[in-house]
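Report on the following structure.
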Amino acid sequence: MARITSLGEAIKSAIHDGDTIALEGFTHLIPHAAGHEIIRQGRKNLTLIRMTPDLVYDQLIGMGCVAKLVFSWGGNPGVGSLHRLRDAVENGWPHKLELEEHSHAAMANAYEAGAAGLPCAIFRGYIGGDLPKVNSRIKRVTCPFTGEELAAVPAQRPDVAVIHAQRADRAGNVMIEGVLGVQKEAVLASRRSVVTVEEVVDELPERSLNAVALPHWTVGYIAEVPGGAFPSYAQGYYPRTNSFYKEWDAISRERDSFLYWMKENVLAKGPEIFAQQVR
């Protein structure tokens with residue numbers, strides 16, 4: 001049953017050291033404010049799952065929160081590498097990072113399997129690819145009906161899903177509109193969830209054709225954080241801030257400049273800063 005609370009209380013209650021966490025969003029509604037709160041609260045030894053880890057995962061990795069990354073693509077979209085991710089993999093700074101790499105299809109199917117309560121996902125894939133050579137969790141199974149050989153990966157069942165959405169009503173129902181990634185599946189697959197929203201309203205509007213509603217009994221904690229997806233975008237509220245993605249390349253390239261930026265813009269500030277950035 002959804003509980004509407006502050007972001008700090010939501011993260012404190014839902015996320016613990018050593019948890020497996022999925023902060024999901026596909027180009028859109030990426031939960032940056034929630035990621036910053038995880039950093040401020042000093043969570044450690046986390047396993048992070050995401051189809052497309054970008055800036056917020058770079059920040060979590062660089063601040064030493066992460067022990068393992070399960071993913072299918074990682075980078076600064078439209079710009080280049082994630083320098084803190086690369087530093088962790090290549091040089092073990094701030095500490096060694098374990099990687100588990102999959103394809104997009106495998107990640108999407110694994111989330112769906114988790115949402116359905118299944119132990120694994122079975123799909124057509126990984127034919128002729130090299131990922132099975134470096135990922136022992138990718139298996140082959142034979143269909144008992146057709147004899148076809150298929151790919152199998154474990155279901156994704158995170159301890160916590162963290163997403164951002166446009167609205168929640170006071171009963172705790174959440175509406176997501178626009179580009180939909182695997183936010184719904186991540187929430188349904190997880191034991192606990194934190195949803196940040198642009199606003200809490202008395203009643204959700206009529207659902208558009210490209211929208212999904214999460215009923216209150218599927219959601220754990222809701223926190224109103226206007227601008228909480230910055231620098232990604234929230235359809236109907238603010239556009240993507242492309243300039244920040246370019247700036248991040250320079251900020252994150254060196255350890256000292258990264259740590260200075262994080263101290264000034266994350267550790268020393270709270271979630272209220274996000275509303276100021278999208279005005």
Side-chain angles (χ1 to χ4, degrees), residues 7-8 10-11 21-41 48-63 65-66 69 71-88 161-167 176-183 186 194-199 223-255 257-279:
L7 178 58
I11 297 300
I21 306 172
L23 290 89
E24 277 295 350
F26 194 76
T27 77
H28 176 233
L29 298 174
I30 297 169
H32 282 269
H36 285 188
E37 187 61 31
I38 293 169
I39 293 169
R40 278 192 293 272
Q41 293 195 17
L48 294 188
I49 305 174
R50 188 162 167 209
M51 290 183 67
T52 56
D54 59 1
L55 273 56
V56 69
Y57 274 39
D58 209 30
Q59 294 166 359
L60 285 156
I61 291 167
M63 293 302 287
C65 300
V66 188
L69 179 64
F71 72 111
S72 55
W73 176 90
N76 184 342
V79 179
S81 292
L82 294 175
H83 299 297
R84 297 301 94 221
L85 170 58
R86 288 196 64 160
D87 202 5
V162 181
I163 67 169
H164 189 76
Q166 284 97 339
R167 302 176 188 89
I176 310 170
E177 295 184 284
V179 174
L180 300 176
V182 291
Q183 292 100 313
V194 174
V195 182
T196 55
V197 294
E198 291 297 320
E199 59 178 333
E224 187 177 62
V225 187
F230 173 89
S232 71
Y233 73 101
Q235 178 175 301
Y237 288 83
Y238 45 88
R240 187 179 192 265
T241 305
N242 292 316
S243 59
F244 185 82
Y245 287 83
K246 296 177 182 178
E247 292 166 8
W248 184 251
D249 185 72
I251 291 166
S252 63
R253 190 172 288 270
E254 302 297 333
R255 296 172 187 175
S257 58
F258 164 76
L259 290 172
Y260 177 81
W261 190 92
M262 294 299 292
K263 178 181 177 181
E264 294 295 311
N265 296 279
V266 177
L267 299 180
K269 295 180 179 177
E272 67 280 352
I273 191 65
F274 282 83
Q276 301 171 23
Q277 291 169 320
V278 297
R279 286 176 182 169

>> Using side-chain contact (heavy atoms from CB on, under 4.5 Å), reason through His164 and Glu198 one step at a time and then give a plain yes or no.
In response: CA-CA 8 Å; His164 189 76; Glu198 291 297 320; 2.7 Å; yes
>> According to side-chain contact (heavy atoms from CB on, under 4.5 Å), who are the partners of Asn242, at least two apart in sequence or on a separate chain?
In response: Arg240
> Does some side-chain heavy atom of Leu85 sit less than 4.5 Å from a side-chain heavy atom of Pro53?
Replying inline: no
>> Taking salt bridge (charged side-chain N to carboxylate O under 4.0 Å, His left out) as the definition, give me every residue that meets it alongside Glu37, ordered by chain and number, with sequence neighbours left out.
In response: Arg40
> Any side-chain heavy-atom pair from Thr27 and Asp54 closer than 4.5 angstrom?
Replying inline: no
> Can you tell if the side chain of Ile49 reaches within under 4.5 Å of the side chain of Ile21, non-hydrogen atoms only?
Replying inline: no
> What are the two closest non-hydrogen atoms of Leu55 and Pro77, and how far apart are they?
Replying inline: CD1-CD, 4.3 Å
> Rounded to the nearest 0.5 Å, how far does CD1 of Ile273 lie from NZ of Lys269?
Replying inline: 4.5 Å
> Nearest 0.5 Å, what's the OH-CG distance between Tyr57 and Leu82?
Replying inline: 12.0 Å
>> If you take the centroid of each ring, where Trp contributes its six-membered ring, are Phe244 and Trp261 closer together than 6.0 Å?
In response: yes
>> Between Ser257 and Glu254, does the side-chain contact (heavy atoms from CB on, under 4.5 Å) criterion hold? Intermediate values first, please.
In response: CA-CA 6 Å; Ser257 58; Glu254 302 297 333; 3.7 Å; yes
>> Show me the pairs that pass side chain to side chain donor-acceptor pair (under 3.5 Å) and involve residues 270-279, at least two apart or across chains.
In response: none
> Is there side-chain contact between Ile163 and Pro31, with at least one heavy-atom pair below 4.5 Å?
Replying inline: no
> For His83, what residues pass the side chain to side chain donor-acceptor pair (under 3.5 Å) criterion, not counting sequence neighbours?
Replying inline: Asp249, Arg253
> Do you know the tightest heavy-atom contact between Val278 and Gly227?
Replying inline: CG2-CA, 3.8 Å
> Are the side chain of Ser72 and the backbone N or O of Met51 linked by a donor-acceptor pair below 3.5 Å?
Replying inline: yes
Atom pairs and distances, donor-acceptor, side-chain atoms in residues 230-237, under 3.5 Å, two or more places apart:
residue : atom : partner : partner atom : Å
Ser232  : OG   : Ile30   : N            : 3.1
Ser232  : OG   : Ala229  : O            : 2.6
Tyr237  : OH   : Arg167  : NE           : 3.3
Tyr237  : OH   : Glu199  : OE2          : 2.6

>> Taking side-chain contact (heavy atoms from CB on, under 4.5 Å) as the definition, give me every residue that meets it alongside Ile39, ordered by chain and number, with sequence neighbours left out.
In response: Gln59, Leu60, Met63, Cys65, Met262, Val266, Leu267
>> Restricting to side chain to side chain donor-acceptor pair (under 3.5 Å), what partner residues turn up for Asn76, sequence neighbours left out?
In response: none
> Which residue pairs pass the salt bridge (charged side-chain N to carboxylate O under 4.0 Å, His left out) test with at least one member in residues 72-88, sequence neighbours excluded?
Replying inline: Arg84-Asp87, Arg86-Glu90, Asp87-Arg255
>> Under the rule for side-chain contact (heavy atoms from CB on, under 4.5 Å), what residues qualify as partners of Ala33, not counting sequence neighbours?
In response: Leu7, Val225, Phe274
> Taking only residues two or more places apart in sequence or in another chain, which ones pass side-chain contact (heavy atoms from CB on, under 4.5 Å) with Thr52?
Replying inline: Phe26, Arg50, Trp73, His104
> Taking all non-hydrogen atoms of both residues, which atom of Ala161 and which atom of Ala186 are closest, and how far apart?
Replying inline: CB-O, 3.4 Å
> Does the side-chain contact (heavy atoms from CB on, under 4.5 Å) test come out yes or no for Gln166 and Leu29, once each step is laid out?
Replying inline: CA-CA 8 Å; Gln166 284 97 339; Leu29 298 174; 3.7 Å; yes
>> What verdict does the side-chain contact (heavy atoms from CB on, under 4.5 Å) test give for Val79 and Trp248, after you've listed the backbone C-alpha separation in whole Å, the side-chain angles of each residue and the deciding distance to 0.1 Å?
In response: CA-CA 9 Å; Val79 179; Trp248 184 251; over 6 Å; no
